[in-house]
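Worksheet for the structure shown next.
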Protein chains: 2
Amino acid sequence: MEESCSTVETALEILVGKWKPVILYHLFTSGTMRFSELQRALPNITKKMLTSQLRELEYHDIVHRKIYMQIPPKVEYSITEYGLKMGPLLQAMNDWGTSHMQHLNELYGDDRKVQALEAIQD
Amino acid sequence: MEESCSTVETALEILVGKWKPVILYHLFTSGTMRFSELQRALPNITKKMLTSQLRELEYHDIVHRKIYMQIPPKVEYSITEYGLKMGPLLQAMNDWGTSHMQHLNELYGDDRKVQALEAIQD
DNA sequence: AAACCTAGTATCCAAAAAGATACCTTAAGC
DNA sequence: GCTTAAGGTATCTTTTTGGATACTAGGTTT
């Protein structure tokens with residue numbers, strides 16, 4: 001009974017961290033990406049953050065890490081077969097998020113958008 | 001395009017905070033609850049936390065706050081009509097979370113369960 | 001008149017998450 | 001023999017989150 005919230009928390013656990021949704025987004029849409037490609041795709045992330053987030057996703061078997069033994073190093077990241085199964089959930093969250101932003105706009109006006117745009121100008 | 005992750009983040013935003021999933025769980029299953037009932041249901045939460053989490057949910061129009069002007073004060077919390085619409089999403093997250101815990105157990109054994117049980121003994 | 005009730009605020013402090021910066025490896029290119 | 005390359009790690013500082021504690025209001029009970 002009480003479990004119905006702890007399992008929601010399990011789902012959240014793997015999405016939590018400022019960068020995981022973006023990382024997943026890129027891997028889902030681009031397929032396979034090198035570490036440096038991800039870094040370029042997420043201009044403001046530090047290596048430390050990117051590494052730790054990828055390791056957590058790897059632990060959860062969402063992301064696969066393929067190391068090429070060569071120098072300079074080459075490492076490729078991709079969504080695992082198991083990870084692909086969470087696509088629908090991400091889609092559902094995305095859909096809900098989209099309509100919720102709409103709802104907030106109806107409630108409070110479009111000021112939030114303005115704020116978001118301002119935040120981008122840095 | 002890049003929005004597909006920021007809207008996932010929007011969905012996360014309202015779930016983030018150690019207590020929001022449990023609060024929602026109780027309000028979804030119990031219907032209407034007073035502040036003090038919620039406090040009893042969540043034995044380890046502080047008033048400050050409970051208040052702030054409820055205010056955030058109220059801001060997002062997920063939770064309704066009904067004040068009775070009487071002394072001692074009485075305030076009832078419930079899920080809004082709009083909030084009910086996120087039931088399916090919560091259910092989807094719950095389902096995914098459940099099967100993911102199963103998956104983790106298959107990968108790493110049931111040690112996590114043991115740890116969780118140990119954590120309860122305090 | 002003191003104590004209790006509910007639903008909070010206010011203030012301060014600890015812990016966790018995130019960020020900045022510097023450093024490491026080893027082979028190839030100049 | 002110095003620099004560059006990629007994919008990191010180590011260390012330190014800042015920011016964000018969460019928690020502990022004390023306090024408030026004003027009518028009711030003892």
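Every value quoted in this text rests on a predicted model; they were computed, and no experiment measured them. Just so you know, these numbers use all the heavy atoms, side chains as well, and skip hydrogens, waters and symmetry mates. Every chain is numbered from 1, with letters handed out A, B, ... down the list of sequences.
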Just the table, please: protein N/O against nucleotides 25-30 of chain C N/O, every pair under 3.5 Å.
none

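- Proximity of B/Y77 to the phosphate of C/dG8: a side-chain N or O atom is located under 4.0 Å from OP1 or OP2.
- Residue-to-nucleotide contacts include a donor-acceptor pair under 3.5 Å from the side chain of B/K47 to the base of C/dA7.
- Between B/L38 atom CG and C/dG8 atom C1' the separation is 14 Å, expressed in whole Å.
- Counting to the nearest Å, the P atom of D/dA5 and the CD atom of A/Q39 are 13 Å from each other.
- In this structure, NZ of A/K66 is placed 17 Å from C1' of D/dG7, rounded to the nearest angstrom.
- Listed for the A/Q102 side chain is no donor-acceptor partner under 3.5 Å among the backbone atoms of A/S99.
- Distance CZ (A/R40) to C1' (D/dA5): 12 Å, rounded to an integer number of Å.
- In terms of phosphate contacts, A/R55 brings a side-chain nitrogen or oxygen within less than 4.0 Å of OP1 or OP2 of D/dT9.
- Distance, B/I67 CD1 to D/dA25 C1': 15 Å, rounded to whole Å.
- Residue B/T51 places none of its side-chain N or O atoms closer than 4.0 Å to OP1 or OP2 of C/dA7.
- A/S36 has a side-chain polar atom (N or O) that falls below the 4.0 Å cut-off from OP1 or OP2 of D/dG7.
- Between the side chain of A/T80 and the backbone N or O of A/D61 there is at least one donor-acceptor pair closer than 3.5 Å.
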Measure all distances between protein nitrogen or oxygen atoms and nitrogen or oxygen atoms of nucleotides 16-20 of chain D, and list the pairs falling under 3.5 Å.
unit_1 : atom_1 : unit_2 : atom_2 : d
D/dG18 : OP1    : B/K18  : N      : 3.2
D/dG19 : OP1    : B/K18  : NZ     : 2.8
D/dG19 : OP2    : B/W19  : NE1    : 3.1
D/dG19 : N7     : B/K48  : NZ     : 3.3
D/dG19 : O6     : B/K48  : NZ     : 2.1

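- In this entry the distance linking CG of B/L54 with P of C/dT9 reads 11 Å, nearest Å.
- Within the 3.5 Å criterion, the main-chain N or O of A/S36 finds no donor-acceptor partner in the side chain of A/Q39.
- A salt bridge is defined here as a Lys NZ or Arg NE, NH1 or NH2 lying under 4.0 Å from an Asp or Glu carboxylate O, and A/E56 with A/K20 meets this definition.
- Note: B/F35 and B/Y77 have tilted aromatic rings, judged against thresholds of 30 and 60 degrees for the angle between ring planes.
- Atoms CZ (A/F35) and P (D/dG7) sit 7 Å apart, rounded to a whole Å.
- For the side chain to side chain contact (heavy atoms under 4.5 Å, CB included) with A/L27, the lone residue among A/I79, A/T32, A/V22 that qualifies is A/I79.
- For the pair A/E37 CD and D/dA6 P, the interatomic distance rounds to 11 Å; values are reported in whole Å.
- No more than 12 heavy atoms of other residues, nucleotides or ligands lie within 6.0 Å of CD in A/E81, so this atom counts as exposed by the packing criterion.
- Tracing side-chain contacts under 4.5 Å through hydrophobic residues (I, L, V, M, F, W, Y), one reaches A/L50 starting from A/I67; they form part of the same cluster.
- Taking only side-chain nitrogens and oxygens, B/R34 never comes nearer than 4.0 Å to OP1 or OP2 of C/dT6.
- A distance below 6.0 Å separates the ring centres of A/H100 and B/Y82.
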